[in-house]
Amino acid sequence: AEDGEDLHQVRQQDSTKKTHAAKNGGWEAGGKIRYLLFWDMCAFLVTVAVMVWIMLTRPDFDWVVSHILFACQVGYGFLSMPFFLFNIPVLREALTHSVPSGYDKFGRLRAIEPPPEKPEQVLKQQLEWLERERARAHPEEQVAAPEEDSGLTGLLHRLTSMFRSLFGFEEPEAAPGGAAAQ
């Protein structure tokens, strides 16, 4: 009778866990990625089974086996396509509910720090280099100097016009009165 009571308790606990997981939409430790890992394991086993079967049915290791090995690699790559979603930055955070982190030089887990800001002199040198490269690549185009060429406004205007010309966007035409055409 005692074994029957223990079995009843285990079944009741399992039922409680399933009810709790169902209330949370199926999310529990491991979540729904467990199904993707099962998919990946099955895809791997199928491709390996196909490769082994072809290798065992061929009398010698000829060009067909090499081609089948390549075909299995391609097939496994296509079967791994659901994992591509995890490489898209916005979807990665939405699917994994995690934020980027990293380790410091002592092995402690730390939040990733932004890169240090570049000195203004370095930014000016990089801007001058970009302008020289643009002028070399497109000598027929000349960037009109903005009225206020100093400070952040001038830098922003030069960067904007440079990227517009690099990517093929046209500069907005100046309307009478100095305002940009809409």
Side-chain angles (χ1 to χ4, degrees), residues 5-55 66 68-134 137 150-169:
E5 289 176 16
D6 289 341
L7 182 60
H8 178 68
Q9 252 184 342
V10 169
R11 285 184 181 163
Q12 190 175 11
Q13 288 173 351
D14 189 43
S15 175
T16 305
K17 286 181 183 176
K18 288 180 182 176
T19 305
H20 180 67
K23 286 181 183 176
N24 292 331
W27 294 99
E28 55 186 42
K32 294 183 179 175
I33 198 167
R34 171 179 306 161
Y35 300 116
L36 282 175
L37 294 176
F38 181 73
W39 167 264
D40 187 51
M41 182 182 67
C42 290
F44 176 76
L45 292 176
V46 166
T47 54
V48 168
V50 167
M51 185 177 62
V52 168
W53 180 69
I54 294 294
M55 289 175 70
S66 299
I68 291 301
L69 175 64
F70 179 72
C72 286
Q73 289 174 339
V74 170
Y76 180 68
F78 280 123
L79 291 173
S80 298
M81 196 66 77
F83 291 96
F84 171 72
L85 297 175
F86 290 98
N87 287 330
I88 302 171
V90 174
L91 289 178
R92 180 184 320 134
E93 283 82 25
L95 293 172
T96 62
H97 303 289
S98 63
V99 294
S101 60
Y103 293 94
D104 65 3
K105 62 182 179 179
F106 300 110
R108 297 176 298 203
L109 188 59
R110 301 283 186 215
I112 294 178
E113 296 177 8
E117 290 190 30
K118 294 181 181 179
E120 190 173 329
Q121 182 64 26
V122 172
L123 290 174
K124 285 181 182 179
Q125 289 174 349
Q126 289 176 339
L127 181 62
E128 290 170 1
W129 180 83
L130 281 172
E131 288 175 342
R132 282 193 311 269
E133 287 298 312
R134 189 185 143 271
S150 63
L152 191 58
T153 307
L155 178 67
L156 183 61
H157 178 74
R158 287 186 298 188
L159 284 174
T160 304
S161 63
M162 206 168 21
F163 282 115
R164 283 185 175 167
S165 65
L166 284 174
F167 294 111
F169 295 107

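Computed over heavy atoms, backbone and side chain alike; hydrogens, waters and symmetry mates excluded.
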Sub-4.5 Å side-chain heavy-atom contact between Pro119 and Leu123: no
- request: Starting at CG of Leu127, measure out to CD of Glu120 and round the result to the nearest 0.5 Å.
  value: 11.0 Å
message: Could you work out, with side chain to side chain donor-acceptor pair (under 3.5 Å) as the rule, every residue matching Lys124, not counting sequence neighbours?
response: none
- prompt: Considering residues at least two apart in sequence or located in another chain, which fulfil the side chain to side chain contact (heavy atoms under 4.5 Å, CB included) criterion with Val90?
  reply: none
- prompt: Going from CG on Leu69 to CE on Met55, what distance comes out if it is rounded to the nearest 0.5 angstrom?
  reply: 8.0 Å
Do any side-chain atoms of residues 35-54 form donor-acceptor pairs under 3.5 angstrom with protein atoms, and if so which ones, sequence neighbours left out?
residue: Trp39; atom: NE1; partner: Leu79; partner atom: O; Å: 2.7
residue: Asp40; atom: OD1; partner: Tyr76; partner atom: OH; Å: 2.7
residue: Asp40; atom: OD2; partner: Tyr76; partner atom: OH; Å: 3.4
residue: Thr47; atom: OG1; partner: Ala43; partner atom: O; Å: 3.1
residue: Thr47; atom: OG1; partner: Phe44; partner atom: O; Å: 2.9

field: Side-chain touch Gln126/Trp129, heavy atoms, less than 4.5 angstrom
entry: no
